[in-house]
Each structure stands twice: as structure tokens, then as C-alpha cells.
Number of protein chains: 4
Amino acid sequence: MTGVSINGFGTIGKRVADAVSAQPDMSVVGVSKRSPNHEARSAVASGYDLYAADPDRVEEFGERDIPVAGTVGDMLAGGDIVVDTTPSGVGETYRDLYADHDVDVVYQGGEDASVAPQSFCARANYQRSLEASATRVVSCNTTGLARAVTPLDEAYGVESVDATLIRRGGDPTQTDRGPINDIVPDPVEVPSHHAPDLRTVLPDIDVTTTGVTVPATLMHLHSITVSLDSDPTASEVRDRFDAEPRLELITTASGCDSCAEIQEYAQDTGRPRGDVWENCIWADAVDVSDGRLTFFQAIHQQADVVPENVDAVRALAGTADARESRARTDDALGVGM
Amino acid sequence: MTGVSINGFGTIGKRVADAVSAQPDMSVVGVSKRSPNHEARSAVASGYDLYAADPDRVEEFGERDIPVAGTVGDMLAGGDIVVDTTPSGVGETYRDLYADHDVDVVYQGGEDASVAPQSFCARANYQRSLEASATRVVSCNTTGLARAVTPLDEAYGVESVDATLIRRGGDPTQTDRGPINDIVPDPVEVPSHHAPDLRTVLPDIDVTTTGVTVPATLMHLHSITVSLDSDPTASEVRDRFDAEPRLELITTASGCDSCAEIQEYAQDTGRPRGDVWENCIWADAVDVSDGRLTFFQAIHQQADVVPENVDAVRALAGTADARESRARTDDALGVGM
Amino acid sequence: MTGVSINGFGTIGKRVADAVSAQPDMSVVGVSKRSPNHEARSAVASGYDLYAADPDRVEEFGERDIPVAGTVGDMLAGGDIVVDTTPSGVGETYRDLYADHDVDVVYQGGEDASVAPQSFCARANYQRSLEASATRVVSCNTTGLARAVTPLDEAYGVESVDATLIRRGGDPTQTDRGPINDIVPDPVEVPSHHAPDLRTVLPDIDVTTTGVTVPATLMHLHSITVSLDSDPTASEVRDRFDAEPRLELITTASGCDSCAEIQEYAQDTGRPRGDVWENCIWADAVDVSDGRLTFFQAIHQQADVVPENVDAVRALAGTADARESRARTDDALGVGM
Amino acid sequence: MTGVSINGFGTIGKRVADAVSAQPDMSVVGVSKRSPNHEARSAVASGYDLYAADPDRVEEFGERDIPVAGTVGDMLAGGDIVVDTTPSGVGETYRDLYADHDVDVVYQGGEDASVAPQSFCARANYQRSLEASATRVVSCNTTGLARAVTPLDEAYGVESVDATLIRRGGDPTQTDRGPINDIVPDPVEVPSHHAPDLRTVLPDIDVTTTGVTVPATLMHLHSITVSLDSDPTASEVRDRFDAEPRLELITTASGCDSCAEIQEYAQDTGRPRGDVWENCIWADAVDVSDGRLTFFQAIHQQADVVPENVDAVRALAGTADARESRARTDDALGVGM
């Protein structure tokens, strides 16, 4: 039983906590939170031991009848591995504290790649993090790319990838983020930072990415062109995708013709928080012409890295190989819509 | 045990089905659906008997391996009461079929008020629908107004109500609805249709409403001024609201400072589909000055009428009085965040 | 001829510069700008002498071939009055510099009311700023309220005002501002800060305001209820509004049924930047019931204070009385759609 | 002097009318309008003779004091060429009427390509429409693609084009169009209809397009990858683009980092309606790697086909060759920011 601490019970952290909690071979040692807000309250309601990220604010929790079990240091002392889900750039500032407590660490893609000896995507390079002391789960967009490109490369050989990432402007509750009515090249440079990030897990891929931010909050949408070394039919590619548990083929016939419909479907099937852990690939729009494959995929920025974090814990713990870990994770979560 | 059919398994229908299903004294006889889409599939996955709304499309369900138990007529034959959750204006076209099958009917607020002998809000006028053969649950906005105004009138006497209803442009999946970047007086007339609709359940209230539609999909937001016959303190009004199970006082201290945060909280607490059945009233913004009360409330258009539909079924069935029905409904659903 | 400097050639400043430039009795001495961006370039293209707001960045202008005439101090030395259109809160930091150069100052509503001896709305209290050394034009929303309330008070007596201000989230180019998909009580308190701001120009008005921010960029929209001391007909109120040059009655019959249509109309009629200087009041939605007047008005946040700034300059200069100044301003700009 | 009628004084029609009116060798014979709305009023204010598109509604214009000169037939009788700017699909229904009046016709890209013997983009295939009796200006997105691809093909040879078109959901005043908060593959098929449309003007180009619709109203944004037969530097490509009057290189240094900023710049420079006739290409984001060019361009859907319509008139009239016509059009309009 691997004891896992979650440092930062926010958008990603609360999902990782629930996902870890669902695994038969892991347990949640505790979760930390800076503000005594409704997320802190729901952490307690979910049965997690709650630790104060900021020792100076412990009293505030008490004033609102939210019980606190101690500080982050206390939490780390009780576990084997910490998943760092603090805001981008904050994780690095915890590095020394993690070392002091001798815990292995799973960082998120918001940290610089140098935060860990290697980066991680369960389908692309699980093995490299096996029994390492730290790893970094690449960001939601990069995870989405790596999951789709890896099986294509295995089956057909990938010559080059061109991906346009149409990025949601913020998560649903980030009301201070825009744009409201604009389409923004973000960044205004080619390639965007996603291409080098993808190479942290797939070093040999020739990839160009562009990023564009739009006024939406639900999911990212990727429009991807892949030049393949061979010339499969669209139907063969669909079958190849369909064989991957974390790639979900969706159809317009089922009414899933937009990101919002995918989220509605996830909610209707009882997914916690309407989470979509899988890349959603539109079956009707898979096209291959002269070995050039084009397709759309939707990526739920709040959820797609969640199973990856679980696998990353197992990789560091060394308790399963890649295939076994992914199967356990997917089975426990119910991956596959 | 009241047997309930749900005609129209869409945004409202699927929620009503699940809510009925959760009641100890009701059972879902079946649900109907026009298209064999993902909602139809999830109806079956939820264990509901599925009936085809359009006999000509039965085959389409078969082609997608979605089992169909019969037509709407077959469904009606098996139940005592039908909840009509077809699109606005369609309910009325079913009136004869419902009469033929001798079932009592709960219509929605999208129908004209003349569709039933009286309209319904469980807190305002439950009694009037007791053992009636049909009733009409008023729309989401009107339900929200009636729930808040009724206890104010009981406690303080309401002289007049002025409400600005800031309406979401569409539900999350209604991608063909706007506006994208506009603020639209909707309707461009004062009062809006909400005022007369409110009087269908609270005939003696002097109310003026204005409606404005904005580019958002999550909830409606009401800014309400009520002239009271007496002059309570803001704190007294808060306590009065707090005593109502379907009014939820929320605080900025908990981080719930917008409609999106409320929905996040509902998701975090495990609410199905993130549903918010309660009027959410900001405690910090309740203000009384010289007997003039001003406050904000957020209304989840997809969910607030769901407990009302359950109560309407009980009123028609005559199996409980108003207080008892509301308590049973709220208990079974888990109303109160 | 009053010589006017414009400190801050941004959203408001560039409009004020063009409006001042159009007056027969004023001239633009110069405009200042911090960044050598496209606005700086268009200032030069418009024939304005450009001054660098930040002496350390003068060179940057040169590198892009944007000629700079000096610093803000140089600009102030050449004029009689400065209109401060720097960002909110920055104006106050210039107070000493303005005093050093012995120029009169028009501040904007983003500054605290204490920045000047009194605040200003040309229709409400022009006289109070006559030959003063400084004044503060109230914000766009407050200006919109003051313009509508003043003639109502004169004609019918205003007992109380309740206004819901549905605020655009940001200006069109403020891509870092949200919300994207939310309706936000802003502030979560009643009354909002607009009520006390209105009283800086109309001290005797009993007013309650609520503010709500939505995902739109074009205009604010106000839903206003006014309790009057008498009981005019809606038609009489419309005529009263129609007699005010800076109140524009618009009709749905003309197709102007939303903020976006108003802006389209302004663009079609050749207004610079599509600016709408007038409060736009929907004639069809003016309603009076028992002395309670309800109406909608749209306010172009980028433009409605522009004529007020021009009048404020004249008030400080003492070159015209209120009526004369407003007439000159409106005539020069072409107010009245 | 070519006499030009404009059938449909809406979003495109009013712009084409003004553009034709600005040409030294053309005059506007008249414009037609269905509804007596504010656009009809501004047509008259602009000095155009106004013709009623619907004979049954002539009276409505009179009731609002909007003078009407006759019917569409009357208008056609007075001109040499008609530009059909009626809504998509309506143009074709006028074909017989146009033939009856023996006028040459410029159709828009909303019509099926079969409406005219060939389609038109001034930079790609002007010559093919020379002295023809009808032509069809391709849609805004296709025009944007053709303008950029043509010079690339001439200079470097184009092997293949992959373009992701991020489409605005509607024009600013189309408040009934969505989506509000969604990213929608539109269409859910690869290639989108834009690829075959591009081949109507560039028949030999190997092109794949994908379309995605987002909640924005200002401009379309294209992310384009072009495989070239040679391997120019990014700087060479920028120079190549810069040599094209209807391609505008923009820089983030000037502050133009989004579609909204481009429109602001256009408004500041006094462009009518803030129109952007040029493809706006971000200079900083032009990238070439191994002969694979990637870049972003923004396309103002309301304006980019306007100069093309003027050129199409000249092509049909046979009064200038391609180069001469484009130069005259650009000079009269002020193309080039």
C-alpha cells in the first residue's frame, strides 16, 4: 500500500486525491490547502486529513470549523510519495522540503522540465520513471499529444506532427481570466512551447505546434496533422485509436458534436465532476490522404492528467510495470466512456 | 407507490427521472426519447425502460443497439402520472394522448399557462394542485422568484417586487444559441413575461420584472429589490432565508463569489451533474434600507424545477401535503448544500 | 483658445484628444504615451505632438521611428489645462507635477473622489466646477446614471432609484480580463460603489445600485427603477428623455435590439471608432406604473465620458456656462444619432 | 464609368457600396434593402438611392420616412453590373431576374460554386473572369487562404497546405448565433468545405482544411502549415508577404497581439467601421523549418472580400487587367495599414 500525500487540493489536486483513493494499492495520507474555502470543506467531507499549507492561516480554518491535522511537513512525514499539485512554479519551491522528508515526488507540467530528472506520460515513457525519486507529469495538452502520437508511431511510424492547439482561456472558475471576445495567438511564436514539452517524453518526434487561446472554459481542442511513414486507411487508424483505453472515439451520430456535448455525456454517465480522462477523438473526422493523417481531439484540461499522476506514483513506487499500472488505474477509475 | 412516466428524456427529463427514482414512494415506469443519441444510451445504462417518442425512428435505436420497450402510448399505459418534459410548446400537443390514457400530467413552464387548470410552485401554492388532474410547474426563473418571495411575504408583507433577471443565453450544450458578445434586453419590454408568470402562483404580488440575456451558460442571476411592509434587519432576513431548505445562503468567505464557483462546489460535493436545486443567495449582499430589501440570487436553470416536479407528482397523487412532500423530496435528493 | 494636454493616450485619452481637437475654442497641446505601440503611432499620424510618459523609454520610440517632442513636464508647460487619462489610481500620483506646472486638471472617475474638490457631470453639476482648479469626471456608469436621473428629478421629483448595472467584463482589447462564462456579482455587496459615486454629483438622491459583471465587451446595460413623486405617462417620460441631447431614444423597430446593434449603427453613421456618446434608452421598454418608472439604458464605457471631459475643461477655464458648453460640445462632436 | 447596383445592403453590401463609391471609375446606381431598419436609414444618409427588396413592404419604409426609389427591378435597369450581397443561397434565386435585366453579376461565396462559370480571387485568378457575365467571389476564409498561398506558390512552389481555420461564431450583431462557451469542430469532417472551395480558384493546390468554431465575433484566425518545394528563410518569406499589398505584416512589438488589437488599430487609423481588408500575418510567428512554413493570419470576415468585389466588377466590365485593378482598388480604399 503506497501512502500518497497531495500537496495542493485545487483543480488537479482534488481529482488526483479521489483517483488515488480509488486505487486498491494506494491510500491518501492527507491533502493540503492554503485557504479555508469550500474546497477545504469538501476535502474534509470526503474524509481526507487536511493539512494547512500556510502555518500562519491555521487559525482561519478553525474559525470556520474546518479541522486541520497539521502542516505540510506533518503530512509529508506520514507518506511515501507526494504528488505536488501546487500552482505552476510553486512546486519547485517545495523541493527542499520534499528532500528533507525523503519522499519521492510527482510534479506537474506547470513546473519547468528541470524540476525532475525526466518527464512522464504513462503511454509514452513510463519505464524511464521506474523507481526514480521524482518525475514530472507533462501538461494536459502535451499529455493529449503524447497519448495519440505514441501508438501512431508504433503502428505506422511518424515522420512529422503539426498540431494546432485551440486552448480554453481558463478553467470554469477562473473568472479573472480572458479573453472575453477574442482569438489570441498564444504564444505569438512558432513552434509554441508545447513542441519542446512533447519532446521531453517523445524525444525523437519531429513536431511543430501552434497555440491559440479562445473564450471557452470546458476543454482544449487539437487539430492535428501527422505525416506517417506508411499509408493506412482511415478505418485502420480508427481501429488503432480504438484499441487504446485512454483514447475515446466519439461520433456525431451519438450527438457528441462539440466539447460541451462530451462533458454532458460524462456528467450523464455519472463521472465525478463530469471528468473526461480520455482524449476524445471524433471518428467521423479521421482522414488519411497519401499517408497524411488529420484528426480532431478534445482534451479535458482538468482531468486528462489524473490517471497519469496515478501511474506516475506507481512508477516511482516501482509496484507495477507500465501496462499493469495503466490497466489498474483505468479499471479503478472506470476509464472508457 | 406512484408510477411515473417521463415524456422527454432531455435536460429536464433526465434530471426528473433520477429525482423520481430517488423517492421512496415513487417509481419510474419509463422514459421516452426521440433520437438514439448518448442521452438515450445513458437512459438505458441507468436502468430505465426506454420508449421511442417517434414510432418512425424505432429502427434507428435498434441499429445502435439501444433497446426500446415500445412507444409513448405503451409507456403511458403503465403509469399513473406523466411528467411532460418535452420542448416548450410540444407538451400541449400531447394533451389528447394523455387524456386517452387517463394519466394525470405535470407540464413544464415552457407551456402556456392555459395548459393546466393552475400552475405550481411547491412553496407557494402546492395545495391548489392537490388531487388535480394536471398542473404546470412554472419556469426556472419564476420558481426562483416564488421561492424567495413567499417567505418574505409571510414574514414581513411584500408591497412590491422589482427584479432584474440576468438570463444565461443557453444551456451548456445549446451551441446554436447566442449571444456571443452582447448584452440583450430580452424582451425589450417592461415588465417581461416573468411578472405575469409569477402571478400564476402568487396572484396578489405587485411585481415588475426585466429580462436581460448575456453570454453565459451556467445559471441565471437575479438582482431583486423588495419593498416590505415592515423593516427587518438584514440579519433577520438572512435568518429567514436560512430557514428555507430550498434557499441556500452562500458566502464569499467560502470562495463562492460567482455562478461558476457555485457549480464547482456542487460538483465537489458529488451532486449528480453538478446540479444546484436551491436558490443561491449571497449572504454578504443582503441589504435592507428603510424596508427596502435588495439581494442577489443565482438560479440553476437545469435543476431548480426538479424538486418542484417531484412535489407536483405528489400533489396530483394526493399522497402528502405540501410540507410533508417538500421534506420527503429534499431528504431523498439531499437538498441543502 | 484653451490649450489642453492629454496625459495618457489610451482608451479614454485618445477619444478625449480627438474631441478636444474638434472644439472651436480648444486646441490639443500634446498627448503622452508610455509605450511606443500602435496607439503612439496613430497619435503622431493624427498630428498630435507626442510626449514620453516614461523618460527612460524615450529611446524605444526613436527605434521605431515614432517622434517624441519631450516629456510630460514639457507638455504641461505648454498648456492651460491637463486632462488626466492615465490608468485608475495613477492620476493621483501626478498631482504634484500638475501643481508644479500650475495647470488645472480634469481627473477621471477611476481616481478616488478626494482627488479633486468636487466631481463632475455636465448635466448634473457643471456649475460647481466653474473656474475651479481641478475636477473629476465621474465614471462611465455614474455618468450614465446622472444624465438620466437629473432630468427626471427636475420634471417629476425622484424619491428613490434602484439600478442594476450589468457591466461588461472588459474593453474589447483587454484580453486578459474575464469572465469567460460566468455571471459575477461585482461587487458582492449592496449597494455597490456606484451609489456613493452618484452622490458625489447628485448628493440628495436616494439611490441603491447593484453591479453584475458578464462576458461582454461592448457596453454596460442598466436596468433602472425610479420611484417618482408624480405619475407621468410612459409617453411623457419618453418625451422628457427625448429632449435631452445626451439621451438617445432607440427603437426595436429600427433593429437596435441589443448593445451590438447600437454599435453597428454608430459605425454605419461614421462615428469615429463607432463611439456612442449618448445614453441609449429603449423607447419600447419605458414603463410607468403607479409612479414607478422602469427602463433600460446602454452605456458605451469608452465614449460616454468624452463629452463630459470636454465640458469639464470649459468649466475649469470658465469660458462658458453649462448650457452653452454642452451645446458647443455636442455640436462639435455631432451628438445625437 | 461602370454603374453598379448592390442587391442587399447588409454586412457585406453596405461595405461594397462604400468601396464602389470610392472608386474613380465606378458609381453606385442604387442599393436594395428588405427591412426599413437603421441600415436602410443609413443608406439614405449616405446618399444612396434605396430600392425595396420586397415590394410588399414598400409602405413600411414610407411610414418611417425612409424614401424608396423603387423595386430591385428598377434598380437593375439603371446599372451595368449588380453585386449580389443577399444572404447565402438567396443570390441564386435572383438569377433569372438578373438575366431578364441583362446585367452582369458578382455573387458571393455563400452561393454554391455552380452559380457562376468560375469563382474569383483577385490575386489568384482575376483573368478567368475577364469580360465574363458572372463570377463568384469566394468566401472570406477562402479569400484569405488564396491571397497567402498564391505568392508562396509563385515564389517557392507549394507542395501541400494544411490549414486550421478557427472561425468566429457570428458577426457582432448576430446575437442569435453561438456558441457561447464551446469549441466546435465545424464541420466534423476532414477536409472541411474550405479545401474544395479554395480549389475553385487555385485548382492545382493540394490542400487540407479543418474548421473549428469558437465564441468570438471579430475575426477568423488561421493556423497554416505549407510544405514548400524550396527552403526559404523566415525572413525571406516575411519579405515576400510584405510585398503583397493585401497581406499586412503585424508585430507584437506594436501591441497587435490579438484580433481585438488589430481591430482597435483599424479604428484608430480611421478605417470605416474599423474594417480590415488585409490578411493580417504575425511577423514574429512566421517559421520555416526544412521547407515547412508555419504562420498565423487573421481575417476580418466582414471586410476582406470587399476589395475583391470591387476587382470582380472591374473584371466583368473588362476595364482593367488584374494588376491595374488591384492597384486602383487599393489606392482608392487605402489598403495597407
Side-chain angles (χ1 to χ4, degrees), chain A residues 160 162-169 172 179-192 206 208-225 227 234 250-252 256-261 263 282-290 292-296 298, chain D residues 160 162-169 172 179-192 206 208-225 227 234 250-252 256-261 263 282-290 292-296 298:
Chain A
S160 66
D162 287 278
T164 297
L165 312 181
I166 303 166
R167 309 166 68 184
R168 102 292 181 236
I180 292 175
N181 184 41
D182 206 351
I183 305 178
V184 186
D186 181 13
V188 185
E189 64 183 35
V190 177
S192 68
D206 174 9
T208 303
T209 52
T210 59
V212 176
T213 297
V214 301
T217 65
L218 302 177
M219 302 180 90
H220 301 294
L221 193 136
H222 297 174
S223 174
I224 304 176
T225 298
S227 290
I250 58 174
T251 63
T252 51
C256 283
D257 51 11
S258 77
C259 294
E261 279 288 356
Q263 290 234 323
W282 273 271
D284 311 82
V286 171
D287 179 81
V288 190
S289 164
D290 289 332
R292 211 164 51 175
L293 162 69
T294 304
F295 65 101
F296 291 120
Chain D
S160 65
D162 287 278
T164 297
L165 313 181
I166 304 166
R167 308 165 69 184
R168 102 291 182 237
I180 293 174
N181 184 40
D182 205 353
I183 305 177
V184 185
D186 181 14
V188 184
E189 64 184 35
V190 176
S192 68
D206 174 10
T208 303
T209 53
T210 59
V212 176
T213 297
V214 302
T217 66
L218 302 178
M219 301 180 92
H220 302 294
L221 192 137
H222 296 174
S223 174
I224 304 177
T225 298
S227 289
I250 58 174
T251 63
T252 50
C256 283
D257 51 10
S258 76
C259 293
E261 279 287 357
Q263 291 234 322
W282 273 272
D284 311 82
V286 171
D287 179 81
V288 190
S289 164
D290 288 332
R292 210 165 50 173
L293 162 68
T294 304
F295 66 102
F296 290 120

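Order of the sequence lines sets the chain letters (A, B, ...), proteins ahead of strands, with each chain counted from 1. Keep in mind that what you see is a predicted model, and the values were worked out from it rather than measured.
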* Relative to chain D, which segment of A:S160 carries a heavy atom at a distance below 4.5 Å: side chain, backbone, both, or neither? -> both

* For A:P191 and D:D287, work out which heavy atoms get closest and say how close. => CD-OD1, 4.3 Å

* Consider only side-chain N and O atoms of A:S223 and D:T210, and report whether a donor and an acceptor are under 3.5 Å apart. => yes

* Structure fact -> chain A shares the most heavy-atom pairs under 4.5 Å, among D:D206, D:V286, D:D290, with D:D206

* Among A:V184, A:T294, A:L218, A:D162, who wins on heavy-atom pairs under 4.5 Å with chain D? -> A:D162

* To do: Between chain A and each of D:R168, D:H220, D:R292, count heavy-atom pairs under 4.5 Å; write down the option with the most.
  => D:R292

* Taking all non-hydrogen atoms of both residues into account, name the closest pair between A:P185 and D:S258 and its distance. => CD-CA, 4.3 Å

* **Name of the residue among A:N181, A:D182, A:I183 meeting side chain to side chain contact (heavy atoms under 4.5 Å, CB included) with D:T217** => A:N181

* Part of D:V188 lying under 4.5 Å from any heavy atom of chain A -> both

* Report the C-alpha separation of D:I166 and A:I166 in whole Å, then their side-chain angles, then the decisive distance to 0.1 Å, and conclude whether the side chain to side chain contact (heavy atoms under 4.5 Å, CB included) test is met. => CA-CA 8 Å; D:I166 304 166; A:I166 303 166; 3.8 Å; yes

* Could you look at D:P187 and say if it's the side chain, the backbone, both or neither that has a heavy atom under 4.5 Å from chain A? => backbone

* Is the shortest heavy-atom distance from the side chain of A:L221 to the side chain of D:V212 under 4.5 Å? -> yes

* **Interatomic distance, D:D186 atom CG to A:F296 atom CZ [nearest 0.5 angstrom]** => 8.5 Å

* Could you tell me the separation between the OG1 atom of D:T164 and the CD1 atom of A:I224, rounded to the nearest 0.5 Å? => 9.5 Å

* Among A:T213, A:T252, A:T225, which residue forms the greatest number of heavy-atom pairs with chain D at distances under 4.5 Å? -> A:T225

* Structure fact -> Of the listed A:P179, A:S289, A:C259, A:A234, the one with the largest count of heavy-atom pairs under 4.5 Å with chain D is A:C259

